[in-house]
Each structure stands twice: as structure tokens, then as C-alpha cells.
Amino acid sequence: MASNFWTSSHYKQLLDQEDVDVVLPLDKEKGITLEDFKLIKMHMANYISKVAQLVKVRQRVVATAVTYMRRVYTRKTMSEYDPRLVAPTCLYLASKAEESTVQAKLLVFYIKKLYSDEKYRYEIKDILEMEMKILEALNYYLVIYHPYRSLSQLLQDTGLNDITLTQVTWGIVNDTYKMDLALVHPPHLIALACIYIASVLREKDTTAWFEELRVDMNVVKNISMEILDFYENHRMITEERYNAALNKLPSRV
Amino acid sequence: MGDGNRGLSANSNSNSNHGGSNKPEWLQQYDLIGKIGEGTYGLVFLARTKTPNNRGKSIAIKKFKQSKDGDGVSPTAIREIMLLREISHDNVVKLVNVHINHSDMSLYLAFDYAEHDLYEIIRHHRDKVNHAINQYTVKSLLWQLLNGLNYLHSNWIIHRDLKPSNILVMGDGEEQGVVKIADFGLARIYQAPLKSLSENGVVVTIWYRAPELLLGAKHYTSAVDMWAVGCIFAELLTLKPLFQGAEVKATPNPFQLDQLDKIFKVLGHPTLEKWPTLSNLPHWQQDQQHIQGHKYDNTALYSVVHLSPKSPAYDLLSKMLEYDPRKRITAAQALEHEYFRIEPLPGRNALMASQGEKAVNYLTRPVDTTTDFEGTTSLQPSQPVSSGNAGSMSGAHVGNRSMPRPLLNMQRMQPSQGLTAYNLATQAGMGGGMNPGGIPMQRGVGQAHHQQQLRRKDPGMGMTGYPPQQKSRRF
């Protein structure tokens, strides 16, 4: 399992983009558009990342938590599973799965520090109840592969040995969790797309290296385009825009 | 595990249980027979399915209590679920379902039930029938254990808590005599661990613990499982634990000198010559005087296990009990060992009687029929557990312990093609298994030395609070 992505539950559960971009009927009734849906998930990915920094867990835990959260919303509605509770709970569950358990009371403490807004205020009990609901919603599949694992190896293999390129690539990989890429593409292809973008930005010629890899370059380029589109379209999102989307949801479920 | 949604799908309606004495809906699909085990994590129950296509199938249900420190599902349960959801092998327990009881926040893992385990089989031979386990059975059990372990190790999973009570053996039925490795509460994926493994607390029952762990190794490997297999192999041969050290119970992770001493007495002292990295191990440096206190030079392993030093069995055993973890035989290498190529050849039904011998009738597990899923003892009169008649209630097969088991009409496998055929069956991960959720099963007869095995190290639950959090934010 851990060694072979192709036999993993992660691989078996990869979805088509069309199946990820579905706003479920109950959320639609509340006026949630596809754009809102994506924005809320992006906002929640940021939320998870912020809390994670406060409780000091590694990026891999954040990545797993965000993937859990995105998977939950392929099956459950935001109207019934409040993202403001699901997000920290996914971090809580991911911290256990990734062996760096964070206490629920610590999460609750930092959530209060981060957001004064009532709507974010949840207690330990709420997190513990939601943890079980998330386990169910994930159908108990908890092992998630991330691009990070293959990234260092791939970067080394390019022979470019450029620290800035490495840093840029890691940054792009982190940003991919603001999208649903992890639900759709295998992690090594996401890693390659990030290297591709970074090498173009850094004006490093990796054409020959990519040609030698036995991967479908079209897929890598398509993922790269998606990432670039995302950067293009989401530069100017304001807090108000997130809140407008979130406010369509009932505040307490 | 199939197409992702099969298997564990029938559990989403458990919300409907509104506390109190109402049975949760998912429970309706089982007949609860009784309690068969208990540990720090919770309880294990025996149940039978009521669903039409699998009616009467025995299931072991492991209940995880909500952790006392108010921190939700125990990390042990999370790890066990996440590993078991990914793996599928003939010689590994099969997780058939997960259930959640939202009203009391308890979590249930349902496994195919296995009637026997090596702990009980060994005990039966030692205390009841008073003769050795036959060679075919020992070899078949060992081969299947290695086969399951090879699968785990090639998937980068270390079990870390192998001991006879965690090695299950299927009872009557299509999979009779098939070995199932159980209890993954301490198992870890060892590729890129976030935390050095020893930080998670004491691991592996002390008698089966590898010398590098006893000497304080921080980063250990799948070789620790192979050491445990060596100890189990010897125990199958002699019916006695090979290295029966007295455990020091200070916390956390105390230096277990007596256990090391027991090992040295049989294997001689390790030397830097044979084990060059020995000098890096903390306890070897710090406690050298203690460690070197007694001098044992003569390797007496073959006489302890009553094997000829020239026999393939001894050769394999000594390679499993190699001090240097880097030189210790791997599961894959062990499966290729000559021991498995000479008569009697290992087979799929390890409990099948050899020619001219009678099959051994191992006891079925004692079932405490007075305990319900909440773990409360019912007030209704019922059979005492220790009488051995506990199974007289509906459908239980506990009462038939004196009846000979019907043997599957299977031929022993022929040398070369036999193992290949077995392998194929194994890789295909033939379903239809059955085995309990492992963990120490409740023993019918309480004897003092059982306590050693019944206790289970559970770093996630037994200790106050969780391990310290990560300081680093790096990858």
C-alpha cells in the first residue's frame, strides 16, 4: 500500500473533474454556486493551513487534512456538514493519521484566537462528533499520497540543483491544495506539473528531462494549465467574497 | 479492497440510534453471541451475521472505547483502520466492516472470525495433550506467517507486535488451518515516518522484542518482526517461550536488562565483530558493565530447541535470530529457505492431520455470553464462562469441543509446483476469510504467566495524554 500507489485506495478513488465539480441539491437550494463551492473549499484549505501553523504540525498533515475535507464534499453537503467545523476536524483526524496527534482542546483554543466570529466557534464535543461523521463520510479510507514524496527525488533527478527552483516548486505544490487536483490526479503527475511550471518561471530547460520520463506530457501540461489558471483567477479574492459565499450556508447545522 | 464503496457501505444509518437502550440499527445485522476478549482499547465480541447471503457467518467485533482524555477516536484505532483498509492478503486478518455508534461515540471493527491462535495452540499442546506440535503443522504455520509478513513488509508495513496471541488460525470451514496475522494497532508504515518510531512508546511484548530495540535503537526496521518470528518458531517447536525475561515496568521505555540476559544466555554475547553498529546503540554504550556482567560464550540455541545443528530448521531459526538486524534473514528470503523445500512440505491447512495421525482437536474460544455490546454484564442467569459450556446458546459452536473436526479433503502440495500454486492463491487474496480483530483474546483459564501476554502496550491510550507535538514544520 504505502509503496504502491497503483494498488492503493487513493488511486481507486480518483475522480473525474466533472464529478468533483458538483454542487449537491441541498446546497444549490441555498444558492451555492459552483464558484461559491470552490471558493469555500479554498478558504477552508487556508483555514486548515493557518490553524496548522499555530498548533505546529507539518505540511504533510495539512495536505492530508485538506484532501479529507475535499473528499467529504464530494459526498456530503455544506449545508449539513458546516465547513467551519469540518475543516478543523479534518486537521484533527489527519494529525492522528499522520502520527502527530493534536489535542482537540488546543484546536478549539486556536480557532477562538483566529476567528472572533460566532460562526466559527465550535467546542471540543462538536469536533469529536464530527470526527466520527467524517470517518464515515470518507468510508474509512485514510491513507493519502502526496506529491511531496516524489518531489525531492524528481528535483534531484533533473540535475538542475537550483535552490530557488526547489523552493518555487514546493510553494506551487502547497498551492495545489487550494484546488481539487489531489482528488483527480495521481500525486507524481501533480509534482511533475509543479516542476514544469517552476522550470519555465526560472527559465530552466527541462524539455529533454521530461522527454525521457515515461509519462504522458499532455496530462502534465494540462495540470500545469489548471494551476496557472488558478493563479490567474484567484489573485484578487477578498475576504468579503469568501464571506458572501459562506453566508449562504446556515450558520449552525 | 474492491472498488472502494463495496464492503463497508452499510453503516451510514447509525445516526438513528438515539442513545439509551435502543439498539443501533447496524447491530440488527448481527446476533451477538458474547464477549471473547478484552484489552486497554476496549472489548472483542463474537457475533454472527443475519444478512441473508452470509447468514450464520462468525464475526469478531472489536469495540474501541472513546478515549478517556476526551480526545475522540483513539489514534490506535485510526492506524488500525487506515492500514487494514488498504491491505488484502490471505494471511492477514480481513476487516469486513466498520460501525460507529454516535450516541456513545464508540467505534466497532468487524473482522472475519478465527477460532484459534498460536497462543492457544501452543498452550493446548503443552498443557493438555502434552506432546509436540507435528512438523507439518509447525512448518505450515511458519510458512504462512512468513508469507503474510512478506506481504506487509513489501508494502512498507512493520507489524511491531508479533506474538503468538496475534497470530490467528482459522477454524472449521473453507479456510480451515489458514494463518491470519492480526492486531495492527501498533503497525506502522515505515516509509518516511513523521516521527522516529521509538518515540511512540514501548513497542512489542518484551519476550519477542528484538535485541536492537532492547538496546535502545531509535530507527528500527522490518527486521524486528523477523526476530519475533524466530522466537515464535522456537516456541512452536518447544512449546515454551524462548526468551522469557522479567519485564521492568518503569515508564517510559525502561532498559530491559533481564530480557537481554535471557537472550545472551542462549545466543552468547553479541560482538562488534559480528554486529558492527552495536556500538551506536544507546544502552550498549551506557550500560556496558551491566550487559557484560555475565559471560556466556557457548551458543546453546540448538540444544534449547532440540534441533540438530545441521538441520535446515535450525539453520533457518538461527538466521532469524541473527543479532545484526542488517544480516537477519528477511521474510522473502526465509520463504525460499531449504526448510520449506524438504518433507513435510507446508500446506494451506496447517491443522490437517498428517498421515497415520489423528487431528488435534483444539479448543474453541471461551465466550462470555453475559456481556453485551455496552460491556455491561447482564443480570440474567447464564452459563459460567469457565465451564466450557458457554456455547450452549443459540447457534454457538462452543459446545462441540470433543467432536472431531471435519477435515477438508485437501492433498498436501507437491514440492515445486505446490508452493507456486499456494502463492498464486495467496496473491489473489482469496476472500471468504474469517478472523477476529486479534488483540489479546480472553483466556478461559487464568494462569499467572498469561498475564504477560494479555497486557498490551497501547501508547495511544494507556498513557496520559498524547506524545508531544511536532516542533518542526519542515517536511
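Throughout, protein chains are lettered first and strands after them, A, B, ... in sequence-line order, and every chain is numbered starting at 1. Only heavy atoms go into these numbers, but all of them, side chains included; no hydrogens, no water, no symmetry mates.
Rounding to the nearest 0.5 angstrom, the gap separating the CD1 atom in B:I87 from the OG atom in A:S8 is 13.5 Å. Once rounded to the nearest 0.5 Å, the distance linking OG of B:S103 with CD of A:E129 reads 10.5 Å. In this structure, CD1 on B:I78 lies 12.0 Å from CD on A:E98, to the nearest 0.5 angstrom. Here A:L142 contributes atom CG and B:L84 contributes atom CG; the two are 11.0 Å apart, rounded to the nearest 0.5 Å.
B:H102 and A:E136 share a donor-acceptor pair across their side chains, judged by distance under 3.5 Å alone. Side-chain contact of A:Y140 with B:R85: a donor-acceptor pair under 3.5 Å is absent, judged by distance alone.
For A:Y47, the OH atom is densely surrounded, since the number of other residues' heavy atoms within 6.0 Å is greater than 12. Heavy atoms from other residues, nucleotides or ligands lying under 6.0 Å from NZ of A:K125 number 12 at most. Annotation: A:Q156, atom CD; neighbour count of heavy atoms from other residues, nucleotides and ligands within 6.0 Å does not exceed 12.
With hydrogens and angles disregarded, no donor-acceptor distance shorter than 3.5 Å links the side chain of A:K96 to the backbone of B:T76.
Only the side chain of A:E131 comes within less than 4.5 Å of a heavy atom of chain B; its backbone N, CA, C and O stay farther away. Neither the backbone nor the side chain of A:L138 comes within contact range of chain B; no heavy atoms are under 4.5 Å apart.
Of all heavy-atom pairs spanning A:L128 and B:D71, the tightest one is CD2-C, 4.0 Å.
The shortest distance between side-chain heavy atoms of B:E86 and A:H10 does not fall below 4.5 Å.
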